[in-house]
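Naming convention: chains lettered A, B, ... in sequence-line order (proteins, then strands); numbering from 1 in each chain.
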There are 2 protein chains.
Amino acid sequence: MDAEAPVRRRRTRIQTEKRELILDAALDVFSQHGFRGATIDQIAEAAGMSKPNLLYYFRSKEAMFTTLIERLLQTWLAPLRELDDIGDPIGELRSYIRRKLEMARDYPRESRLFANEILQGAPRIQHLIEGELKPLVDEKAALIKGWMKAGKIAKTDPWHLIFSIWATTQHYADFDVQVRAVLGPDRGGDGRFEDAARYLEQLFLEGLRPKG
Amino acid sequence: MDAEAPVRRRRTRIQTEKRELILDAALDVFSQHGFRGATIDQIAEAAGMSKPNLLYYFRSKEAMFTTLIERLLQTWLAPLRELDDIGDPIGELRSYIRRKLEMARDYPRESRLFANEILQGAPRIQHLIEGELKPLVDEKAALIKGWMKAGKIAKTDPWHLIFSIWATTQHYADFDVQVRAVLGPDRGGDGRFEDAARYLEQLFLEGLRPKG
DNA sequence: CTAACGTTTGTCCAATCGGTCAAAAATGCG
DNA sequence: CGCATTTTTGACCGATTGGACAAACGTTAG
């Protein structure tokens, strides 16, 4: 049931630190090569320690991955959790999009790791998707539906709306190589996220139809 | 230069057939597990033949992958190639979005294989992205920019517009497991693509701002 | 100092990997 | 038929993989 470290009684200071160090290295390697493509040796080297030493802190490659992806999902869903009925609907959605785009910019490894797992059929996190993600999305979809009924935003499908926000924002993390290559060295630099933010705001709020 | 089969002189009927059979099996396996995650044994079993026999038709795992992804890119870019100045701009974009969504529906394996490769930094197709994809996108972005200047569609960033079309449509192939799980057994069935089509059309044309 | 406990590593192992090879089986052709 | 060519396979190989293990090393409390 618990896929954790030696943990006889309490967790040592060293254990806490080294586990964090390992998880960071593992995130590097897993997000770049996927679960099967990553090797324990690679992770150990990235963490600056020997393979058996790494396996002293995590009993298996699977344990590292699980720990990583469960923690990641919480971070990843946080912005959606914050979506609520306090401000005005348009503003709420606008800042949700902005926050998701910031996450793609600041935590691209997490995004890629998650994408990799879903791409391969989510064999290790199916239960999290059905048990955590779906209920949360259903709840927020209901909230959004309320805004539509009240005429605060245009009537459309709230689930697909959420999908499209995920897709467009995470695209800048998951397909980063392609985005950069297509934009070229000038436009593909640091400014690409501000350009994306401006574009996405217009897309979601106004669409492409010319005014007037 | 040519990473092909035994090919002494011409390609036999059997060679042509078996190579197609193998490529189909390889697409199954590669799209599910990525390049490193896939094994020749898996592909051989999926193709219903022995491993050495498979290696008689393709000299290596890499050769299968390369053949597959080069062919795939052509299919994948075809809809964008068709984008031109003949019809009215709004209609052109509308049908581009529709075609891309149909491809996500009909060729999800291709989409996933491509996504997998990009996710991992496109180590094997960097040259195709820079040599083929970028020029095509630049060309079409210029076309779209012309439409904006002429007031046919709203002024915005054509490159990011293309990204957002890719992201939203391919999402339904790449994140299929998640989409289905979130929509549930009722809404996640065959109708999800029609729902998506309706939603995306509204998003891209009108945005979320309520009318009036 | 020393015993107990936490940490680190060198060495090893069975399983799996991509790929080779020679020989057998099937096929095409005069 | 008989011969050449193409197709198929079992056996094998070196390299890499995830992981086990015991011995060594470090740290700390009494």
Side-chain angles (χ1 to χ4, degrees), chain A residues 2-23 25-30 32-69 120 123-124, chain B residues 2-30 32-69 116 120 123-124:
Chain A
D2 108 17
E4 301 310 280
V7 68
R8 201 169 294 273
R9 293 187 159 280
R10 235 179 177 289
R11 202 163 278 168
T12 315
R13 176 185 54 87
I14 293 187
Q15 274 175 12
T16 315
E17 287 172 8
K18 290 285 168 94
R19 280 175 63 92
E20 286 310 310
L21 188 78
I22 292 170
L23 286 178
L27 182 54
D28 265 357
V29 179
F30 278 137
Q32 203 168 85
H33 304 287
F35 181 77
R36 276 225 44 194
T39 72
I40 300 189
D41 290 278
Q42 278 178 301
I43 299 173
E45 199 195 329
M49 61 178 70
S50 68
K51 180 167 66 166
N53 195 13
L54 187 150
L55 284 166
Y56 168 73
Y57 291 104
F58 288 89
R59 65 159 54 115
S60 69
K61 188 178 162 185
E62 185 101 23
M64 278 181 267
F65 191 86
T66 311
T67 308
L68 216 42
I69 211 157
Q120 296 179 9
R124 276 167 283 267
Chain B
D2 105 18
E4 301 309 282
V7 67
R8 199 167 295 272
R9 293 188 158 279
R10 236 181 176 286
R11 203 162 278 168
T12 316
R13 174 186 53 88
I14 293 187
Q15 275 174 11
T16 315
E17 289 172 7
K18 291 282 167 100
R19 280 175 63 91
E20 287 309 310
L21 188 78
I22 291 170
L23 285 177
D24 190 70
L27 183 53
D28 265 357
V29 179
F30 278 136
Q32 206 168 86
H33 303 286
F35 181 77
R36 275 224 46 192
T39 72
I40 300 188
D41 289 276
Q42 278 178 301
I43 300 173
E45 199 196 329
M49 62 178 69
S50 68
K51 180 169 65 169
N53 195 14
L54 185 150
L55 285 166
Y56 167 73
Y57 291 104
F58 288 89
R59 64 159 55 115
S60 70
K61 189 177 161 184
E62 186 102 21
M64 279 182 268
F65 191 86
T66 310
T67 308
L68 216 41
I69 212 157
N116 223 314
Q120 296 178 11
R124 275 167 285 266

Please work out if [X] contacts a base, only the sugar-phosphate, or nothing of the nucleic acid, heavy-atom cut-off 4.0 Å.
X	result
Ile40(B)	sugar-phosphate
Lys51(B)	base
Ala44(A)	nothing

Quick one: [X] [atom1] to [N] [atom2], roughly how many Å, whole number?
X	N	atom1	atom2	value
Glu45(A)	dT9(C)	CD	P	13 Å
Glu62(B)	dC17(C)	CD	P	18 Å
Ile43(B)	dC17(C)	CD1	C1'	13 Å
Glu17(B)	dT8(D)	CD	C1'	16 Å
Leu54(A)	dT8(C)	CG	C1'	12 Å
Leu21(B)	dT7(D)	CG	C1'	14 Å
Met49(B)	dG10(D)	CE	P	14 Å
Leu55(A)	dT8(C)	CG	P	13 Å

(message) I want to confirm an ordering. Mapping Gly48(B) and Ser60(A) to their closest nucleotides on DNA chain D, which one lands closer to the 5' end?
(response) Gly48(B)

(message) For Thr66(A), is there any backbone N or O sitting under 3.5 Å from a side-chain donor or acceptor partner on Arg124(A)?
(response)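 Here the side-chain-to-backbone pair does not exist.
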
(request) Kindly check if the number of other-residue, nucleotide or ligand heavy atoms within 6.0 Å of CD (Glu45(B)) is above 12? (result) no

(request) Starting from the C-alpha separation in whole Å, work towards a yes-or-no answer on side chain to side chain contact (heavy atoms under 4.5 Å, CB included) for Met64(A) and Phe30(A). (result) CA-CA 10 Å; Met64(A) 278 181 267; Phe30(A) 278 137; 4.2 Å; yes

Does a side-chain N or O of [X] approach OP1 or OP2 of [N] to a distance below 4.0 Å, or not?
X	N	answer
Lys61(A)	dT17(D)	no
Gln15(A)	dT7(C)	yes
Asn53(A)	dT9(C)	yes
Tyr56(A)	dA20(D)	no

(message) From the set dT9(D), dC17(C), dT17(D), return the single nucleotide nearest to any side-chain atom of Pro52(B).
(response)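 Per side-chain heavy atoms of Pro52(B), the pick is dT9(D).
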
(request) Give the nucleotide from the list dT9(D), dC17(C), dC21(D) with an atom nearest to the side chain of Ser50(B). (result)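 Side chain of Ser50(B) sits closest to dT9(D).
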
(message) With a 4.5 Å cut-off on side-chain heavy atoms, are Lys51(B) and Leu54(B) touching?
(response) no

(request) Decide yes or no for His33(A) and Gln42(A): does some side-chain heavy atom of the first lie under 4.5 Å from some side-chain heavy atom of the second? (result) yes

